[in-house]
Amino acid sequence: MNSSSLLSPTCTSPRVTVVGAGKVGSTLAQKIAEKNIADVVLLDIVAGMPQGLALDLMEARGLEHQERLIIGTVDYKDTAGSNIVVITAGVPRKPGLTREDLVTINARIVVEAAQKASAQSPNAVLIVVTNPLDVMTYLAWEASGLPPRRVVGMGGVLDAARFQTFIALELGVSVQDIQTMVIGDHGQLMVPLPRYCTVRGIPIAELMSQEAIARLVERTRNGGAEIVQLMQTGSAFFAPAASAALMVEAILQNQPRVVPAAAYLQGEYGLNNIFLGVPCQLSCRGVEKVIELQLTDEERDAFMRSAASVQKNISQAKELIAASVPG
Ligand code: APR
């Protein structure tokens, strides 16, 4: 190998931009660096904050035995050439505030982030984390101009992880042995699917009562609110960051992981022009494939109610954005 090949552009590290350096964004940056899978650009609107966090993370590298570059910035130019952009910017849930209440504030933030980030990284996969998740993913996709399958929302991964946790606690078995599936929106109308949940292949209905399953389904639906209620001054961020990190790793390393996530539907499940939680196979291209599950009438009705609510919220958010355009 000659010395010039060592300096060739193909030697550059993969780069992940995280927009929003708050609780979820900074924890995600830390996870990516500690996994040693990419350099990280942490961007926020508050000057100094992302730079300070990036320096703090850089100073941990010698102790963590990794060499990843972590850049803090308020300038989208520094995000250029990212393989993945994760949008966590926005206002999190507060007690008494539903995800839908956040639409007004977060829509403007997410649209701006998607436009500016995709202009700098036209080949990136965009992962949206900001709530209300399904609506924000749609708005981010429209604003980005990216192909629909290159945009995906992190919602189902988190909901499925919560369901997995509650089943593990209920049965006293390892969380590793539990597989769960949650489809629909990342909100009150999400559809946990006990029929598709197993303990190492054993359907959970064989291991617990219908009453217990109904209780865990309800707890999963309220998973975010339960934490908001306990914390009072913030919302969940460890499990959301871990969920986003799993998606980042799968996409960056072209692992064909199958996860529930908000994908653009083009006829699947009889739906069009909507981002909604469904089982997806990921790849370096984003959502490689949407998997269509066989649903019972009851499951399908619940899924369609969820879709109708997301569709309504998308329309309302679009009206809101149109009304807020100056002039
Ligand atoms: N551009 C960049 N960053 C922004 C912008 C903007 N226009 N507006 C706000 N931010 C930043 C804030 O300055 C803050 O640092 O987004 C960050 C949000 O961080 P937190 O308030 O700590 O919120 P967090 O808990 O990280 O949640 C972020 O993820 O899970 C969802 O519901 C949650 O929508 C919320 C998002």
Side-chain angles (χ1 to χ4, degrees), residues 9 11-93 102 105-106 108-131 136 140 143-144 146 151-154 233-249 251-253:
C11 292
T12 55
S13 291
R15 168 176 282 211
V16 177
T17 285
V18 180
V19 183
K23 291 270 186 56
V24 177
S26 57
T27 309
L28 174 61
Q30 181 188 24
K31 284 183 180 298
I32 295 168
E34 287 179 1
K35 279 174 183 280
N36 202 4
I37 53 176
D39 292 347
V40 182
V41 182
L42 196 52
L43 183 144
D44 203 279
I45 199 163
V46 180
M49 194 258 268
Q51 290 91 336
L53 286 167
L55 182 57
D56 194 11
L57 285 167
M58 288 280 278
E59 289 167 359
R61 296 185 313 163
L63 307 165
E64 304 284 352
H65 308 291
Q66 49 91 7
E67 299 281 339
R68 293 301 171 174
L69 188 63
I70 302 138
I71 299 166
T73 186
V74 292
D75 187 346
Y76 278 90
K77 284 200 193 89
D78 294 327
T79 71
S82 296
N83 304 65
I84 298 178
V85 174
V86 187
I87 300 181
T88 75
V91 173
R93 293 176 77 186
L102 299 176
I105 311 162
N106 286 353
R108 289 194 190 96
I109 295 173
V110 164
V111 163
E112 183 198 62
Q115 276 168 349
K116 292 188 173 171
S118 59
Q120 296 295 333
S121 304
N123 297 317
V125 172
L126 191 58
I127 302 175
V128 180
V129 174
T130 306
N131 279 312
M136 292 303 136
S144 71
L146 294 174
V151 180
V152 61
M154 184 291 292
T233 54
S235 58
F237 60 96
F238 288 123
S243 305
L246 180 144
M247 296 174 78
V248 165
E249 188 170 16
I251 293 166
L252 211 52
Q253 300 187 341

Notebook entry, point to check: Does Gln66 CD have over 12 foreign heavy atoms under 6.0 Å away?
Noted result: yes
Notebook entry, point to check: What is the distance from atom CG of Leu42 to atom OG1 of Thr79, rounded to the nearest 0.5 Å?
Noted result: 12.0 Å
Check: If you take all heavy atoms of Ile109 and Ala89, which pair is closest and at what distance?
Finding: CG2-CB, 3.6 Å
Note to self: Please check: side-chain N/O of Thr88 versus main-chain N/O of Val19, any donor-acceptor pairing under 3.5 Å?
What the structure shows: yes
Next item on the list: Would you name the heavy atoms of Val24 and Ala241 that are closest together and state the gap between them?
Entry: O-CB, 3.8 Å
Item checked: Polar side-chain atom of Thr17 near backbone of Val85 as donor-acceptor pair, under 3.5 Å -> no
Next item on the list: Could you pull out the closest heavy-atom pair between Val128 and Ala140, with the gap in Å?
Entry: CG2-CB, 3.7 Å
Checklist line | side chain to side chain donor-acceptor pair (under 3.5 Å) contacts touching residues 36-51 (sequence neighbours left out) | finding: Asn36-Arg68
Notebook entry, point to check: Just how far is it from atom CG of Asn131 to atom CE of Met154, taken to the nearest 0.5 Å?
Noted result: 7.5 Å
Check: Ala80 and Arg15: which non-hydrogen atoms are nearest, and at how many Å?
Finding: O-NH1, 3.5 Å
Next item on the list: Would you sort out whether Val40 and Val18 count as a side chain to side chain contact (heavy atoms under 4.5 Å, CB included), showing the intermediate values?
Entry: CA-CA 7 Å; Val40 182; Val18 180; 4.1 Å; yes
Check: Could you state the interatomic distance from NE2 (His65) to CG (Leu63), rounded to the nearest 0.5 Å?
Finding: 7.5 Å
Notebook entry, point to check: Checking side chain to side chain contact (heavy atoms under 4.5 Å, CB included) for the pair Val125/Asn83: CA distance, chi angles, key distance, verdict?
Noted result: CA-CA 6 Å; Val125 172; Asn83 304 65; over 6 Å; no
Next item on the list: Answer yes or no: is there a donor N or O on one side and an acceptor on the other, between the side chain of Thr73 and the main chain of Val41, under 3.5 Å?
Entry: no
Item checked: Atom pair CE/CD of Met58 and Glu67 - distance to nearest 0.5 Å -> 9.0 Å
Checklist line | Distance in Å, Ser26 OG paired with Ile70 CD1, rounded so as to fall on 0.5 Å steps | finding: 12.0 Å
Check: Can you tell me how far the CD1 atom of Ile71 sits from the CG atom of Asp78, to the nearest 0.5 Å?
Finding: 6.5 Å
Margin query: Please give me the minimum heavy-atom distance between Ala21 and Leu53, naming the atom from each residue.
Written below: O-CD1, 3.3 Å
Table please: side-chain donor-acceptor pairs of residues 28-35 below 3.5 Å, with sequence neighbours left out.
unit_1: Gln30; atom_1: NE2; unit_2: Glu34; atom_2: OE2; d: 3.3
unit_1: Lys35; atom_1: NZ; unit_2: Glu249; atom_2: OE1; d: 2.8

Next item on the list: Check Ala124 against Ser82 and note the closest heavy-atom contact, atom names and distance.
Entry: CB-O, 3.4 Å
Check: Tell me, do Ser144 and Val151 make a side-chain contact under 4.5 Å, heavy atoms counted?
Finding: yes
